[in-house]
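To keep things clear, I will list the structure first and then write my remarks on it.
As the structure is a prediction and not an experimental result, all values here were calculated from the model. Protein chains get the first letters and strands the later ones, always in sequence-line order, with residue 1 at the start of each. These values consider heavy atoms only, across backbone and side chains, with no hydrogens, waters or symmetry-generated copies.
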2 protein chains.
Amino acid sequence: MKTIAFVTYPGLTALDLVGPLTVLDPLSALLPDEFRTVLVGEHTGLVSSDTPLRIAASHTFDEVPEPFAVVVPGGLEPTIEAMSDERLLAYLRRAGETAEVLASVCTGSLVLAAASLLEGYEATTHWAFLDLLEKFGAKPVAKRWVSDGKAFTAAGVAAGIDAALHLAATLAGEDVARTIQFGIEYDPRPPFGPLNWEDAPRDMWQALRADALREGTAEAPDLARKLGVAAS
Amino acid sequence: MKTIAFVTYPGLTALDLVGPLTVLDPLSALLPDEFRTVLVGEHTGLVSSDTPLRIAASHTFDEVPEPFAVVVPGGLEPTIEAMSDERLLAYLRRAGETAEVLASVCTGSLVLAAASLLEGYEATTHWAFLDLLEKFGAKPVAKRWVSDGKAFTAAGVAAGIDAALHLAATLAGEDVARTIQFGIEYDPRPPFGPLNWEDAPRDMWQALRADALREGTAEAPDLARKLGVAAS
């Protein structure tokens, strides 16, 4: 039985979690003898997300010590904070010894990086945070998703859906992945078309990033130094 | 202040909720004097979703009697069950008197329809359930999203993201909607391309639909009759 463990922590970006969860959880319905999906957390009580939605994990970290795959969602300040959450990092390091897939969505890759799991690997993250991966020995790549060894990292938020469909095909074949794509009617039609990256709101995101890094490292001076956050 | 109320109930499809929530909640950050996002439910304790994720609403129905907009997520059997949940329907009917937008994702439109809120309106839903809208006086339309009067309905699951971007532009302008699209990096790249509808797994979904209708109306004979569910 291959257990896919989605990692939860307070303040995560809900869609980073729910996009890939919605794509990969049907594997456990379509192939119940092969796949199992769980949400792991420090506890199974309510935690916040980046929206008014509160969520709860199905299992504690201790209950799922050896998942086949972990998927780490990202976020803003809470994710930077998670980069120095020793219980979360210890879980990822332990899981990383046996897991065959270490996946992330958005800035979730920074948490994998903080657990020293991306050293030497190509990886990606949200466009506004991409260069930070280098500070942890990973090689930043601006792609929708990047697969390198065990590391399977997706770009920002919605990229987790595309990446998870790719992963589903890798794990269970393209027919199964297409069946899931029909089920969730993933036939995207963004009303203003694809993004024109020349128009990206870079100044706004530089400010959001600076705030996230400063606030997320307020209690973690070593991480602040590593990330190059100026003392305030 | 315009309150956008996402409606929760046990067993809903998580992505139906979290897709549009992730698109529309940033309105309350970008325009805090104009928009507020809440999740309403019969209570604010944990409820299940279609995945191992459990969620909690932020407010009870009674606490948000007059939202500006409601968004009703869909699902399979639990959503059919919600079509005869009198407390949920009463909330939607009451909200429907003053709300300016009655939105849904996937089979959430069947719940709006069961509350008699789509009579005479064009509407859509998940592709495998589309014809059922007619039984409640709505006019089924096979589009990614359909806007008709107050009714704003999206097709299956992932269509809620596209529809919510359109709604965000309607409420706050296209620039704001594009800013949100960059934030969540919604630049879709489905690994196998768009869906080829000739290959849709129709037999599988006919069976899933039959199960959902039969199980979801087990305690609701009137609804079973209306939906044409054969007595077992």
Self-check item: Counterpart residues, side-chain contact (heavy atoms from CB on, under 4.5 Å), relative to A/Pro140 (two or more places apart)
Solution: A/Leu130, A/Leu133, A/Glu134
Exercise. Could you tell me which of B/Leu53, B/Leu21, B/Asp162, B/Val157 has the largest number of non-hydrogen atom pairs under 4.5 Å with chain A?
Key: B/Asp162
Quiz item: With A/Val18, which of B/Leu15, B/Asp16, B/Thr13, B/Thr51 fulfils side chain to side chain contact (heavy atoms under 4.5 Å, CB included)?
Solution: B/Leu15
Quiz item: Which residues in residues 179-187 of chain A have a heavy atom less than 4.5 Å from any heavy atom of chain B?
Solution: A/Thr179, A/Gln181, A/Phe182, A/Gly183, A/Ile184, A/Glu185, A/Tyr186, A/Asp187
Quiz item: Counting heavy-atom pairs under 4.5 Å to chain A, which of B/His126, B/Arg178, B/Arg189 comes out on top?
Solution: B/Arg189
Quiz prompt | Interface residue of largest heavy-atom contact number with chain A, from B/Ala155, B/Cys106, B/Gly19, B/Gly45, under 4.5 Å | solution = B/Ala155
Exercise. Pull out the residues in residues 143-151 of chain A that come under 4.5 Å of chain B, heavy atom to heavy atom, sorted by number.
Key: A/Arg144, A/Trp145
Quiz item: Can you tell which of B/Asp50, B/Asn196, B/Leu39 has the highest number of heavy-atom pairs within less than 4.5 Å of chain A?
Solution: B/Leu39
Practice problem: For chain B, find which of A/Leu195, A/Thr22, A/Ile161 contributes the most heavy-atom pairs closer than 4.5 angstrom. | Solution: A/Leu195
Quiz item: Quick one: of B/Gly193, B/Pro201, B/Pro190, who has the most non-hydrogen atom pairs under 4.5 Å with chain A?
Solution: B/Pro190
Self-check item: A/Leu208, part contacting chain B, at a heavy-atom distance under 4.5 Å
Solution: neither
Practice problem: Using non-hydrogen atoms and a 4.5 Å limit, figure out which bit of A/Leu30 sits close to chain B: side chain, backbone, both or neither. | Solution: side chain
Quiz item: Around A/Glu63, counting heavy atoms of other residues, nucleotides and ligands shown, do more than 12 lie under 6.0 Å from its CD?
Solution: yes
Quiz item: Taking only residues two or more places apart in sequence or in another chain, which ones pass side-chain contact (heavy atoms from CB on, under 4.5 Å) with A/Arg54?
Solution: A/Leu46, B/Thr44, B/Ala56
Practice problem: State, with a plain yes or no, whether a side-chain heavy atom of B/Leu165 is found less than 4.5 Å away from one of A/Pro191. | Solution: yes
Exercise. Flag yes if more than 12 heavy atoms outside A/Asp175 fall under 6.0 Å of its CG atom; otherwise flag no.
Key: no
Exercise. Could you look at A/Ala57 and say if it's the side chain, the backbone, both or neither that has a heavy atom under 4.5 Å from chain B?
Key: backbone
Practice problem: Please flag which part of A/Trp127 lies under 4.5 Å from any non-hydrogen atom of chain B: side chain, backbone, both or neither. | Solution: both
Exercise. Could you have a look at A/Ala158, A/Ala128, A/Ser28 and say which one has the most heavy-atom pairs with chain B under 4.5 angstrom?
Key: A/Ala158
Quiz item: Quick one: CD1 on A/Ile55 to OG on B/Ser49, what's the gap to the nearest 0.5 Å?
Solution: 10.5 Å
Quiz item: Do other residues, nucleotides or ligands put more than 12 heavy atoms under 6.0 Å from B/Asp131 CG?
Solution: yes
Practice problem: Measure the shortest side-chain to side-chain distance between A/Pro52 and B/Asp25 over non-hydrogen atoms and say whether it is less than 4.5 angstrom. | Solution: yes
